[in-house]
**Student:** 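Got a structure for you, written out below as structure tokens; questions coming shortly.
Letters A, B, ... are given to chains in the order of the sequence lines, protein chains preceding strands, and every chain is numbered from 1.
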Number of protein chains: 2
Amino acid sequence: MAQKGTLSPDPAPASAKDDPLVLIVDDDAGMREAVVDLLQSVGIEGRAFGSTAELLAAAVPDRPGCLILDVRLPGLGGLEFQTRLDGLGIALPIVFMTGFADVPMSVRAMKAGATDFLIKPFRDQDMLDAVDAALARDRSRRSQRAATMTVESLAATLTPREREVMAEVVKGRLNKQIAGDLGISEVTVKLHRGKVMRKMQVRSVADLVRKVEVLDHEG
Amino acid sequence: MAQKGTLSPDPAPASAKDDPLVLIVDDDAGMREAVVDLLQSVGIEGRAFGSTAELLAAAVPDRPGCLILDVRLPGLGGLEFQTRLDGLGIALPIVFMTGFADVPMSVRAMKAGATDFLIKPFRDQDMLDAVDAALARDRSRRSQRAATMTVESLAATLTPREREVMAEVVKGRLNKQIAGDLGISEVTVKLHRGKVMRKMQVRSVADLVRKVEVLDHEG
DNA sequence: CCGCCAGTCATACCTTGGTTTGCTTGGAAG
DNA sequence: CTTCCAAGCAAACCAAGGTATGACTGGCGG
């Protein structure tokens, strides 16, 4: 915090790397442009595509953001696309928009986790509110995920035995019990235990429990 | 656990006390009866009301269940009712049904946490699926809540000082650090700590951390 | 073949956690 | 005024956690 190295010229960039990026898919070029302009008017970067295939083909950078999808699209439709995204490991919040909507369609989309579902023509403010909500959702998901990955990378440095010992420790077992369970001596357990605490970068069992908790809550 | 008192005659009731109860609100008597009959055909008890006011007036027993609400109702409408329920501490999952629906209405309901939103006339199976999902959601919410309340009742027996010590223990602080923070001797900390472990019915710090975690996750 | 590393164990030593016994104090309820 | 209880302290003791140091084994890659 106090002083940084001479490399990495980023004193106060406020640059694009972590600013949100909104991906728009609509087959109507006019609508694409309108949405991009709308977002730009509030300082949000948008990138538009004419079809879901186009979006998948493009190398989308890893940035916080969300999707705005037309429901009726050439090729893969918006709702089917929503289903596929989970399989691809993409978990961006989705805002649907459509001119031809019925209630079952919107309910299905919302049940599948969509953030909002707007009918064209929509008011600018409604879209901006929806995008705000979607971006907020993505931010919290990303910070959650970042925390999980940090812990995972720490846990990856553990040897198999250390992992076993850690599992027993967070269950609250005593060293002698762990030794009995694993068929080894108590001293060895203490040794593994010590390495676990160092590698996981915690100093108390309480901290270790909390770190490991986030691991199996979703991972 | 071994033997119970001579009171409380409930050897193996399998009775209605914990079977799900579905509450239906619709101003159309025919619809009310139809839904109740439909539910009964799959062994689910339903209780119908002509308005939200009627439902609030009735003494609804504390049982697992869900709500089926018509959107258009005399007096307080379904969607407004949904909003009010949170304020009243009622958190039953809601299945909406309506004959006059538009997309914004359904989206608003789903964003507010509704389980499903059906348009009349609906297929029997759709309603049964929606109720199943709603009941599943309520079951998990109730079991979650039961766990929280168990821990809360244990924590309620703690004295103020014990609570302070517990808070520090789950932070992973050493006894001597806790003593310093609270301005008391280490021996006294150990004493409080011991009482905390007994009162919270745990034997390890790991278990204590997990019990306390569920407390501030929602409560 | 040698080095590396996970895994194991023993001895010794120190720190921390946890309990018991006994005693004191101050406030609230009876 | 007495009883009750949260809160506190001390001494003594035992159990558990934690850290060296040193040494042995077995597998795997260079």
Side-chain angles (χ1 to χ4, degrees), chain A residues 149-216 219, chain B residues 1 148-216 219:
Chain A
M149 296 217 319
T150 301
V151 178
E152 269 173 354
S153 68
L154 290 178
T157 68
L158 297 177
T159 68
R161 212 41 158 176
E162 285 162 1
R163 243 181 291 276
E164 290 181 287
V165 170
M166 181 173 74
E168 300 246 29
V169 169
V170 300
K171 278 185 203 155
R173 317 270 298 163
L174 301 181
N175 283 346
K176 62 170 58 173
Q177 295 175 317
I178 301 175
D181 290 353
L182 301 182
I184 58 181
S185 84
E186 192 180 335
V187 189
T188 308
V189 173
K190 290 184 181 180
L191 209 155
H192 287 314
R193 188 169 177 153
K195 298 216 80 174
V196 167
M197 298 297 277
R198 272 187 291 277
K199 286 186 176 180
M200 296 301 289
Q201 296 180 11
V202 292
R203 261 180 235 162
S204 65
V205 184
D207 289 345
L208 183 67
V209 169
R210 263 187 294 273
K211 278 210 172 183
V212 173
E213 285 284 88
V214 311
L215 223 53
D216 46 26
Chain B
M1 280 295 186
T148 302
M149 296 216 320
T150 301
V151 177
E152 269 173 355
S153 69
L154 289 178
T157 69
L158 297 177
T159 68
R161 214 37 161 177
E162 285 162 0
R163 243 181 291 276
E164 290 181 286
V165 171
M166 182 173 73
E168 300 246 29
V169 169
V170 300
K171 277 187 205 156
R173 316 271 296 165
L174 301 181
N175 283 344
K176 62 170 57 172
Q177 294 175 318
I178 301 175
D181 290 353
L182 301 182
I184 58 181
S185 83
E186 192 180 334
V187 190
T188 308
V189 173
K190 291 184 181 182
L191 210 153
H192 287 314
R193 188 171 177 152
K195 298 215 80 175
V196 166
M197 297 298 276
R198 273 187 291 277
K199 286 186 176 179
M200 296 301 288
Q201 296 179 13
V202 292
R203 259 179 237 164
S204 65
V205 183
D207 289 345
L208 182 67
V209 169
R210 264 187 295 273
K211 279 210 172 182
V212 173
E213 285 285 87
V214 311
L215 223 53
D216 45 25

**Student:** Calculate the interatomic distance between B:K195 atom NZ and C:dT20 atom C1'; express it in whole Å.
**Tutor:** 14 Å

**Student:** Tell me whether B:K199 contacts the main-chain N or O of B:A155 through its side chain, where contact means a donor paired with an acceptor under 3.5 Å.
**Tutor:** no

**Student:** Can you see if the side chain of B:H192 gets near the phosphate of D:dA6 - specifically, an N or O under 4.0 Å from OP1 or OP2?
**Tutor:** no

**Student:** Does B:N175 make a side-chain N or O approach to OP1 or OP2 of C:dT16 shorter than 4.0 Å?
**Tutor:** no

**Student:** Of B:L174 and A:P160, whose nearest nucleotide on DNA chain C comes first from the 5' end?
**Tutor:** A:P160

**Student:** Any base atoms under 4.0 Å from B:R203, or only sugar-phosphate, or nothing? Heavy atoms, all strands.
**Tutor:** nothing

**Student:** Give the rounded distance in Å between these two atoms: CD of B:E186 and C1' of D:dG8.
**Tutor:** 15 Å

**Student:** Rounded to whole Å, please give me the gap between NZ in A:K199 and C1' in C:dA6.
**Tutor:** 9 Å

**Student:** Which one, D:dG17, C:dC9, C:dG17, comes nearest to the side chain of B:R193?
**Tutor:** C:dG17

**Student:** Run through B:K190, B:R193, B:H192 and flag the one making a side chain to side chain donor-acceptor pair (under 3.5 Å) with B:N175.
**Tutor:** B:R193

**Student:** In this structure, how many angstroms lie between the P atom of C:dG17 and the NZ atom of B:K176, rounded?
**Tutor:** 8 Å

**Student:** When the distance from CD of B:E162 to P of D:dC5 is rounded to whole Å, what number comes out?
**Tutor:** 13 Å

**Student:** Between C:dG17, D:dG8, C:dG7, which one does the side chain of B:K190 approach most closely?
**Tutor:** C:dG17

**Student:** Any side-chain N or O of A:T159 under 4.0 Å from OP1/OP2 of C:dA6?
**Tutor:** no

**Student:** For the CZ atom on B:R163, are there more than 12 heavy atoms of other groups (residues, nucleotides or ligands in this structure) within a distance under 6.0 Å?
**Tutor:** yes

**Student:** Contact class for B:S185 vs. all strands (heavy atom < 4.0 Å): base, sugar-phosphate, or nothing?
**Tutor:** sugar-phosphate

**Student:** Whole Å only: how far is the CZ atom of A:R161 from the P atom of C:dG7?
**Tutor:** 7 Å

**Student:** From CD of B:E168 over to P of C:dG17, roughly how many Å is that when rounded to an integer?
**Tutor:** 12 Å

**Student:** Quick check for you: among D:dG17, C:dT8, D:dA10, whose closest atom lies nearest to any side-chain atom of B:V187?
**Tutor:** D:dA10

**Student:** Whole Å only: how far is the CD atom of A:Q177 from the C1' atom of D:dA16?
**Tutor:** 11 Å

**Student:** Would you mind telling me which of C:dG7, D:dA7, D:dT19 lies closest to the side-chain atoms of A:R198?
**Tutor:** D:dT19

**Student:** Could you grab the distance from atom NZ of A:K171 to atom CZ of B:R210, nearest 0.5 Å is fine?
**Tutor:** 9.5 Å

**Student:** Out of C:dG17, D:dG17, D:dC9, which has the shortest distance to the side chain of B:L191?
**Tutor:** D:dC9

**Student:** Are the charged groups of A:E164 and A:R161 less than 4.0 angstrom apart, N to O?
**Tutor:** yes

